[in-house]
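Okay, structure first, notes after.
Proteins get letters first, then strands, A, B, ... in listed order; numbering begins at 1 in each. Just so you know, these numbers use all the heavy atoms, side chains as well, and skip hydrogens, waters and symmetry mates.
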Amino acid sequence: MLPSAIPTPEDFYRVLPEVLWCGFGTLIMLLQPFVKNRHFFTFLALTGALLGTGLSVISGAFAGPGFHGLIESDAFSVFFHLLVGTVAALVVLAADPYLERENLAAAEFYALLLFATAGMGVLAGAQELLTAFVGLEMSSIASYVLAGYRRDSLKSGESAMKYFLLGSFATAFFLYGIAMVYGATGTTLLNQMGAGNPQSNLLKLGLAMILIGLCFKVAAAPFQIWTPDVYEGAPTPVTALFSAGPKAGAFALMLRIFATVPAATHLWFWAFWILAVLTMFAGNLGALVQTNLKRLLAYSSIAHAGYILVAFAAVTYMTSDLNGSAGPAYAAVLFYLVSYAMVKIGAFTIVSQIGGAGEKHLSIDDYAGLGQRQPWVAATLSLFLLSLLGLPITAGFFGKLYIFKAAVESHLIWLAVIMAVNSVIGAYYYFRVIVVMYMREPSAEMAAAPLVRFPITVVLVLLFTALGTVWLGVAPNQVLNFILQPTLIGGLR
Amino acid sequence: MSAQLLVFFILAALSVIGALSLIFQKHPIHSALSLIVVMVALAGLYLLMGAEFVAAVQIIVYGGAIMVLFVFVIMLLNAGLEEHTSISKMAGFPGILLALALTGFVAATVARSAGLFVQVAGDNGKIPGTLSSTRELSNMIFRNFAYPFELTSILILIAILGAIVLAHREN
Amino acid sequence: MSNSPMLDYLWIILLLPLLGSAINGLLGAKWPNKVVNTVALGATGLSFVCALEAVREFFANGQAFVHREYFDWIVIPDLVHGGSLFRAGFDLQMDQLTVVMLMVVTGVGFLIHIYSTGYMAHENGYYRFFSYLNLFMFFMLILILAANYVLLFVGWEGVGLASYLLIGFYFLRNSAADAGKKAFIVNRIGDFGFMLGMFLLFRTFKSLDFQTLFANVSQRNWPHEPWGYFGTFTVACLLLFMGACGKSAQLPLYVWLPDAMEGPTPVSALIHAATMVTAGVYVVARSNILFLHSTTAMTVVAIVGCATAFFAATIGLVQTDIKKVLAYSTVSQLGYMFLGCGVGAFSAGIFHLMTHAFFKALLFLSAGSVIHAMGGEQDMMKMGGLRTKIKWTFATMLTATIAIAGIPPFAGFFSKDAILLGAYINPNGGHVLYGLGLFTALMTSFYMFRLVFLTFFGKERYDEHHVHVHESPWSMLGPLVILALLSIVGGWLAAPQLFGGVDYFRAFLNPVVGQLEIPEVIDGVAEHSMEWLLVGVAVFSALLGLVVAYWMYLKQPGKPASLAKSAGPIYTTLLHKYYVDELYAAVIVAPLMWISRNVLWKVVDVEIVDGAVNGLAHGASAVGDASRHTQSGNTRSYAVWVVVGAILVIAVVFWVHLQPPVVGMVR
Amino acid sequence: MPFGLLTVLIFFPALGALALLLLRADDHLWIRRFAMLISVIEFIFSLLLLAKVPVSAKGYSLDEFHTWIHIPPINYHVGVDGLSMFLVILTAFLTPISILASWSSINHRVKEFFIMMLMLEVGVVGVFLSLDLFLFFLFWEVMLIPMAFLIGIWGHDRRIYAAVKFVIYTMAGSILMLVGIIWLYHATGTFDLPRIQEVLASDLNLVDQRGEMLLFLAFFVAFAIKVPLFPLHTWLPDAHVEAPTAGSVMLAGILLKMGTYGMMRFCLPLFPDSAHRAAPYIAVLAIIGIIYGALVAMVQPNLKKLVAYSSVSHLGFVVLGIFAFQNISMQGAVYQMLAHGISTGALFLLVGMLYDRKHTFEISEYGGLGTPMPKLAAFFLFAALSSLGLPILNGFVGEYLILLGTYQTHWQWASWAALGVILSACYLLWSYQRVFFGEITHEKNKTLPDVSARERWILVTMAIVTLWMGVGSAYITRRTAVSSQTVIDQVNPERLYEGTAPAAAPPANGAHASVLAPGLVKKISMERRALR
Amino acid sequence: MVPTTYYIALSAVLFGLGVLAFIFKRNIITIFMSIELMLNAVNLAFVAFSQRTGKLDGQIFVLFVIIVAAAEAAVGLGIIILIARNRQSLNVERVDLLKL
């Protein structure tokens with residue numbers, strides 16, 4: 001009995017966000033020759049992003065496998081759809097003044113952004129490796145283009161080239177991994193992989209290769225090497241997207257694989273342990289010596305990937321420990337991704353605004369005296385930095401807390417301690433930025449320059465992210481309840 | 001040695017030689033041609049395995065379209081002989097050694113896991129009739145894998161869009 | 001209402017000087033001297049009157065022990081059993097010993113206040129001086145009225161503070177400031193011992209109230225600690241004695257007292273002669289029950305006292321500063337008092353304390369009068385022949401000298417004799433102590449008469465054009481005269497039975513201090529004849545000192561110089577006070593400062609601790625900086641890193657099969 | 001009423017800071033007045049505690065409980081006992097004092113300054129009142145930022161270095177404490193302090209010995225850094241020297257106490273066995289700190305650094321008192337915390353006043369100041385005396401009780417620590433002499449003005465409190481008795497040493513009480529271990 | 001009949017050579033080609049496994065990989081053109097503005 005060629009309506013509901021994102025992306029492309037007003041596209045893209053995000057609730061209502069089990073609509077995927085959709089909407093808002101300032105085409109940018117978001121959405125819902133691969137490529141290829149979007153800038157082009165070459169390189173690994181897993185298990189459906197012999201070296205190797213590919217995407221050391229360059233060179237709103245969106249998607253897939261495939265969960269914990277430690281140190285130590293804020297934030301996002309990997313180590317440990325429940329560890333990952341995405345987008349948006357035309361003012365020294373010149377901006381950036389640092393009443397604190405908790409509950413005390421040490425190193429460079437903003441006098445050039453304007457869209461982004469950061473830091477209950485609902489975690493197992 | 005095996009070895013040798021040639025050719029156009037050799041050799045192997053449709057696509061799309069694109073770009077950019085710089089110390093001896101190590105390990109692992117391959121259709125490995133195979137392929141693409149297939153259209157759209165954005169020269 | 005109101009309100013006695021101090025200190029700056037006088041004298045005078053009244057009531061009540069609790073000062077409630085774990089109340093008590101001290105402190109203190117109004121009349125900071133002086137009175141009264149060690153310690157430290165302030169009264173002079181600081185710090189060293197002593201007592205007896213503690217000791221038959229046994233009593237007493245050494249300037253903590261002469265002379269008289277420095281003796285006497293439980297402690301007290309007496313006297317022999325001579329004399333006499341206590345003759349020690357208060361205060365005040373007359377000159381070598389110019393001063397000074405030299409029937413004779421007798425009959429090396437004490441008496445007589453001769457006799461060695469010698473006002477002479485009278489008759493209170501007297505003093509103190517029974521037969525000789533012999537020897541030695549001084553300083557004025565030359569190193573050593581200050585500076589202070597600065601601060605703190613911290617920070621930065629080089633910007637290198645990562649991941653997946661660690665949790 | 005006095009106490013300054021935000025930034029006078037008003041009202045609120053907390057109330061009073069976060073169960077649980085009550089009052093007292101002290105010396109970014117002061121108060125009061133471990137940690141961290149800003153913005157030349165050092169040091173400790181807190185939560189299933197105590201007490205096997213020690217250390221190190229205990233103290237001199245006067249006062253007066261408070265509140269009751277095992281080492285560190293801090297203070301050429309090092313020395317006493325596990329010494333430690341807050345606070349105020357006049361902390365730049373400014377000199381002497389522990393001033397009571405209590409079980413510790421009593425006299429009097437005595441060596445110093453009316457008010461207030469605490473200590477010790485007894489009971493359930501017997505009896509059969517008492521603590525610890 | 005292992009081994013070798021080429025080559029276009037080589041190796045593996053398992057989805061993958069490769073090629077060559085225009089060099093080692 002052949003499956004029907006016509007997908008059922010339910011199937012469409014389950015991929016509604018992707019459909020909407022792709023649809024709006026296409027729509028924007030179609031309208032591009034006819035509409036000159038760039039704000040119109042902003043509006044359209046925002047509508048699309050938000051619509052897709054909002055309607056992911058519908059796909060959540062039709063929980064279950066779709067398209068013959070290739071994708072799965074569950075709370076988990078809804079969560080990630082909400083996340084990447086919100087990220088996309090925020091990036092749209094943040095990009096509007098940026099594109100205008102840098103005189104870049106708006107329509108294509110938004111279209112690519114929406115396609116990339118759709119790719120991430122696919123990644124989040126994928127239950128099958130090929131679908132995941134296509135989703136990954138959607139987001140990746142769009143990302144390559146976005147990274148090089150400032151064509152006139154040497155750095156932007158270089159960023160795109162590095163991202164593209166190394167990204168494809170890693171994708172090849174990922175793909176090879178899929179091939180081996182397929183060879184070892186005869187299937188690419190995640191939930192059928194249990195059939196394979198978990199002791200099979202081929203399966204191990206395949207999963208390792210997949211891990212390598214994903215680690216590249218989430219910038220885990222020693223695959224993090226591309227991150228600072230690409231982040232620095234890419235247009236700043238794109239950097240904001242990179243640090244939040246694709247990472248979330250990749251982590252989503254990683255969670256699915258390493259929570260679902262039995263062979264993948266068995267004693268993989270050392271790999272995550274080592275990767276986590278390396279990543280944390282690589283990010284934090286690298287950030288210590290940075291003078292460019294954008295680059296510093298890039299290193300910091302490496303470090304945060306490391307923290308998330310700590311939770312992964314806990315996840316894998318828990319699943320290998322028969323009595324343990326990995327629930328809190330999953331929750332830690334998810335919560336962290338939310339809090340982190342919010343903060344990073346906010347921070348990069350400010351960097352994007354302060355950077356000025358041509359992104360000339362990226363050095364930390366350019367922020368000297370910001371506390372006096374633009375107190376609200378400085379306060380907001382400080383809030384983000386403190387959240388990254390993990391100070392209480394910010395989202396970052398709870399994020400870190402849950403990871404610590406997951407690590408401690410998995411008896412990974414030393415990992416927790418190493419993470420603590422890294423938090424302290426991190427505190428140093430985040431705090432240094434705050435110090436510069438508040439405790440240094442501005443340079444003569446910056447003092448003479450007019451105040452940086454913050455258009456309404458950017459203010460909206462900042463308002464949303466800042467309030468979200470505080471909200472998650474003060475009352476994380478709702479988000480936690482959502483994350484911890486049994487269907488979300490149970491859906492994975 | 002069976003004829004199939006012989007053909008396999010010839011094609012395998014061809015592909016490896018092509019790959020090596022890709023590496024050692026100085027001019028990109030030569031490298032591109034070497035890659036085409038590899039692709040053709042692989043297409044032959046696909047045929048050997050009975051995957052005619054894939055072999056055809058390999059030749060037409062890969063060897064034809066994509067590689068032509070490469071050659072076109074090489075010509076467009078008027079790329080000359082490869083500049084032989086060695087700025088990266090990492091990519092010198094240690095890099096090559098590491099790459100070889102990786103290759104060796106992967107090859108050894110897969111070679112030794114012969115018994116671990118999942119087998120579904122018996123040991124003969126014969127794929128049911130080629131004609132039906134293509135038909136089944138289309139069935140699978142449009143039924144089982146309809147969703148990713150639709151997604152690839154978006155992917156192509158992205159690629160077009162990207163190419164325009166990147167290569168488009170304003171005025 | 002009680003029929004003894006003053007005893008119920010004992011705190012008034014000490015509150016008055018405090019009020020005086022506070023009023024003068026806070027408001028006196030803008031007042032004329034007269035008002036300041038009125039307040040200060042009023043406070044002390046009233047306090048003296050109240051003390052008299054209290055003493056009267058004490059006697060009227062048949063010398064019953066007085067103990068009044070006013071409020072809880074420090075209290076740690078015991079919540080398990082009720083009551084308190086530790087209580088240091090603001091409790092005052094009065095017994096015979098207190099009476100003696102109270103009379104001495106308020107009486108002499110009042111006299112010196114009067115004297116000061118004359119002496120300090122032309123000084124800046126007049127109000128400040130009286131404020132400090134009253135403050136001193138307050139603390140001294142706390143010290144003697146306190147009913148527990150902790151409150152006593154308040155007075156103890158408080159008088160140290162007052163002493164610090166008064167020594168440093170001329171704070172523009174660095175030497176004065178130094179001396180004040182030195183006094184405080186050396187006292188603190190003693191207090192260190194005192195505190196530990198208290199702690200040990202509390203640990204053993206669970207109380208620091210005199211009444212409770214002494215009752216416990218005397219009623220519960222704590223065993224006596226023989227020589228060489230370091231039990232609670234011995235250790236506690238030695239620690240307390242350490243505090244006494246600091247306060248009463250005994251070896252090896254005496255060094256501050258001579259320097260304390262930087263303060264105004266009335267201060268020297270009051271604090272550094274009559275009252276504060278005797279606090280150590282008072283504490284030892286107060287704790288006599290404890291000391292009597294330990295042979296070791298008693299012996300140490302006796303030895304230290306005797307040694308100090310001797311040692312300070314030798315230094316006194318050669319000093320030329322009139323106040324320094326008196327200072328060493330004070331140290332020496334304090335040694336005597338301790339000798340008395342140490343041999344068990346507590347009442348003799350206290351008696352000497354009292355007589356000493358009279359004549360030493362007198363000596364200082366007279367010396368002050370001399371200095372006043374000489375316009376601030378203190379070097380005896382620049383005086384001489386003052387006898388005729390300041391007659392009253394001379395007369396009083398001579399009285400005091402005779403008293404301190406131990407010539408009967410002046411006060412010093414009786415008290416010193418009692419101590420020497422006590423030493424002589426002490427079975428533990430008493431003869432040695434006696435011998436040293438006697439020799440010290442000889443030296444005392446010598447240097448005191450030397451002082452008198454140098455100052456009042458012989459040729460005038462000062463420039464008459466610049467110094468206008470004049471007699472002091474009656475505000476100063478009055479107290480001198482009163483004290484002179486006391487120096488003469490004070491001793492008769494305890495005229496021994498030998499002279500047909502009744503030892504009132506001893507009998508009076510009997511309930512408080514353990515008494516030394518004078519055996520019927522000493523060394524096989526009947527007691528009285530032996531006593532006569534001892535008295536004779538003592539008087540002889542005093543007279544001998546007088547004669548030698550006369551011979552050396554009046555008959556043969558060149559002799560001292562030539563003697564000094566021939567004695568060479570000994571003389572220099574004495575002149576430099578055995579180089580003890582220098583020794584302390586070289587052995588303790590300098591190394592401590594050097595180590596603190598160059599090792600602890602600059603090496604341990606800056607280099608090691610901070611260095612480690614900064615080193616960690618720098619190390620992290622260095623690693624960060626080093627890791628930069630992996631970030632070469634070269635895509636090929638990056639690719640290699642990806643390969644490295646791939647190999648790493650594969651290697652871990654394939655070869656790391658360790659079980660995850662489980663740390664520390666059983667659950 | 002859903003929220004009670006304690007909530008008001010914690011958040012009232014935050015409200016004030018928020019309101020302050022609305023004032024015009026250039027209206028300095030009203031900003032100052034308003035901040036002063038807020039802090040004074042807060043002080044009055046804090047005094048209400050005295051009335052509302054019964055003297056002999058066991059456990060926590062006025063506690064408020066609101067659920068906050070479900071997973072993990074984090075609650076807003078605050079309460080007060082004798083221990084925290086006075087620390088809160090001290091905080092509320094020193095804040096207006098500091099604000100008054102900054103009245104004219106802070107002239108730029110005035111609004112931010114006072115906001116930071118009030119936020120600091122929020123954090124500190126929160127730390128003292130939290131009964132939820134998590135809440136505690138939250139306030140602990142929140143307090144960090146305003147303090148860092150106070151140092152970093154309004155500090156002196158090397159302010160940034162000092163601020164960063166302060167933050168990093170504290171973070172290093174506290175993040176480990178966070179791990180410890182989570183571990184503890186993992187073991188007990190709750191963050192609620194009273195609940196954790198119950199759980200730990202009811203099930204001795206909950207945490208094994210090694211685990212308990214690790215937990216103990218995780219907490220202890222964080223607190224020890226804050227105290228600061230040798231050798232974790234090097235941030236303190238830097239922070240103090242660079243901080244503005246108000247910052248120094250708050251830092252020395254209150255922030256350091258958070259460390260010792262934490263030890264009493266968490267280290268001892270939660271991990272009694274480990275506390276016993278670690279006590280000898282900690283005591284040694286405390287004693288080293290006492291002596292070392294004093295010696296280093298002695299040779300400081302910088303007056304403010306001298307006072308800073310003196311804090312190291314004084315806080316060493318507190319730690320010693322805590323780890324002697326004696327009610328007397330524990331009470332002494334509590335008292336010393338309060339006393340040190342006042343006396344060292346006063347010293348810093350005075351040093352700040354000197355700085356306002358002369359713009360230097362170098363002792364060599366001063367000298368002979370007693371002549372132009374007798375009042376300041378008098379106040380300084382008063383503060384110095386209270387700091388060096390002169391009886392009837394506040395410093396004595398704490399020090400004395402600590403040493404007395406410690407001596408009861410560890411005479412060696414007390415003896416060594418008592419050396420600090422000598423040394424404190426050395427460095428304080430010596431520096432006093434160098435600053436105020438002698439002839440004036442610098443011409444400019446001759447015309448320095450004496451204390452102004454505002455400064456006099458500050459100093460008089462401090463002096464009165466100093467004196468009152470020195471004389472009326474029983475008022476406080478009666479109120480802290482229950483709490484410290486509770487701590488002792490938790491750490492030392494057997495209570496072997498403190499009998500009721502008003503006076504010990506002499507040993508029977510002539511056997512003699514030796515001064516060298518056997519190590520009773522060791523015995524207890526072994527007994528406890530045998531129980532497991 | 002050729003054992004699947006042979007194909008897989010060949011694919012591994014080709015993949016490795018691709019990796020090697022990526023590291024070894026300097027010209028961006030050639031580096032991109034080496035990626036294509038790696039993808040080809042993957043394809044070989046897919047087809048081989050597909051033959052082995054007798055399931056067709058392996059071949060489907062190959063088709064998808066080819067589509068993706070085409071898309072990548074379009075974008076990649078676009079990027080290469082961008083680089084070449086901006087820098088007048090195709091040597092990947094010369095493109096190192098972003099570093100440290």
Side-chain angles (χ1 to χ4, degrees), chain C residues 72-81 83 85-86 150 153-154 157-158 161 168 171-172 174 177-178 181 184-185 188-189 191-192 195-196 198-200 202-207 212-213 216 220-223 230-232 235 592-593 595-597 600-601 605 609-610 613 663-667, chain D residues 187 205-208 210-211 214 231 234 292 295-296 298-299 327-328 331 368 370-371 385 390-392 397 400-401 403-404 407-408 411 414-415 418-419 421-422 425-426 429-430 433 436-439 471 473-474 477-478 481-482 485 495 498 500-506 510 512-515:
Chain C
D72 290 342
W73 171 39
I74 304 177
V75 64
I76 305 296
D78 185 342
L79 298 160
V80 182
H81 308 93
L85 285 173
F86 172 76
V150 193
F153 192 68
V154 173
E157 287 257 287
L161 165 70
F171 63 82
L172 293 181
N174 259 328
D178 275 337
K181 183 186 70 192
F184 198 94
I185 290 170
R188 271 263 157 156
I189 296 172
D191 295 350
F192 165 75
M195 277 172 80
L196 293 185
M198 281 193 275
F199 300 155
L200 179 54
F202 183 76
R203 181 166 121 175
T204 312
F205 302 109
K206 299 290 169 210
S207 171
T212 328
L213 196 154
N216 179 14
R220 297 211 185 197
N221 272 332
W222 288 79
F230 286 85
T232 301
V235 175
L592 206 58
M593 296 290 268
I595 290 173
S596 303
R597 178 175 292 120
L600 294 185
W601 178 29
D605 225 49
V609 180
D610 233 13
V613 173
V663 195
M665 301 299 265
V666 172
R667 190 182 178 185
Chain D
N205 291 321
L206 209 54
V207 182
D208 70 358
R210 179 160 168 247
L214 285 174
T234 54
Y292 177 91
L295 285 177
V296 177
M298 197 157 66
V299 293
N327 195 335
I328 296 177
Q331 293 260 54
T371 313
L385 289 173
L390 190 85
I392 77 160
V397 182
Y400 188 84
L401 288 175
L403 292 174
L404 179 70
Y407 195 94
Q408 305 309 307
W411 63 273
S415 307
L419 284 176
V421 175
I422 303 175
C426 294
L429 292 184
W430 191 36
Q433 177 187 358
F436 290 99
F437 285 167
E439 298 283 354
V471 179
S473 71
T477 47
R478 280 188 210 291
V482 183
Q485 182 65 52
R495 283 178 55 76
E498 290 165 287
T500 42
H512 213 281
S514 171
V515 178

Output the distance between atom CD1 (D/Ile328) and atom CZ (C/Phe199), rounded to the nearest 0.5 Å. 10.5 Å

Are side-chain heavy atoms of C/Pro77 and D/Gln331 found at a separation under 4.5 Å? yes

Which atom of [X] lies closest to which atom of [Y], heavy atoms considered:
X	Y	result
C/Arg203	D/Gln408	CA-OE1, 2.8 Å
D/Leu429	C/Lys181	CB-CG, 3.8 Å
D/Gly438	C/Asn174	CA-OD1, 4.1 Å
C/Phe192	D/Ile422	CB-CD1, 3.6 Å

Okay, side chain of D/Thr477, backbone of C/Val75: is any donor-acceptor separation there less than 3.5 Å?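 Judged by distance alone, yes, a pair lies under 3.5 Å.
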
Please classify the contact of [X] with chain C as side chain, backbone, both or neither, using a heavy-atom distance under 4.5 Å.
X	result
D/Glu439	both
D/Leu419	both
D/Tyr400	both

At a heavy-atom distance under 4.5 Å, which candidate from D/Leu404, D/Val296, D/Val421, D/Leu295 has the highest pair count against chain C? D/Leu404

At a heavy-atom distance under 4.5 Å, which candidate from D/Val397, D/Ile392, D/Leu403 has the highest pair count against chain C?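 Going by pairs under 4.5 Å, I would pick D/Leu403.
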
Region of [X] that comes under 4.5 Å of a non-hydrogen atom in chain D:
X	result
C/Asp178	both
C/Val154	both
C/Met195	side chain

Find the one option among C/Ile76, C/Val613, C/Asp72, C/Leu592 whose heavy-atom pairs under 4.5 Å with chain D are most numerous.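 Option with the top pair count is C/Ile76.
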
Apply the test side-chain contact (heavy atoms from CB on, under 4.5 Å) to residues C/Leu200 and D/Trp411: give CA-CA distance (whole Å), side-chain angles for both, the deciding distance (0.1 Å), then the verdict. CA-CA 8 Å; C/Leu200 179 54; D/Trp411 63 273; over 6 Å; no

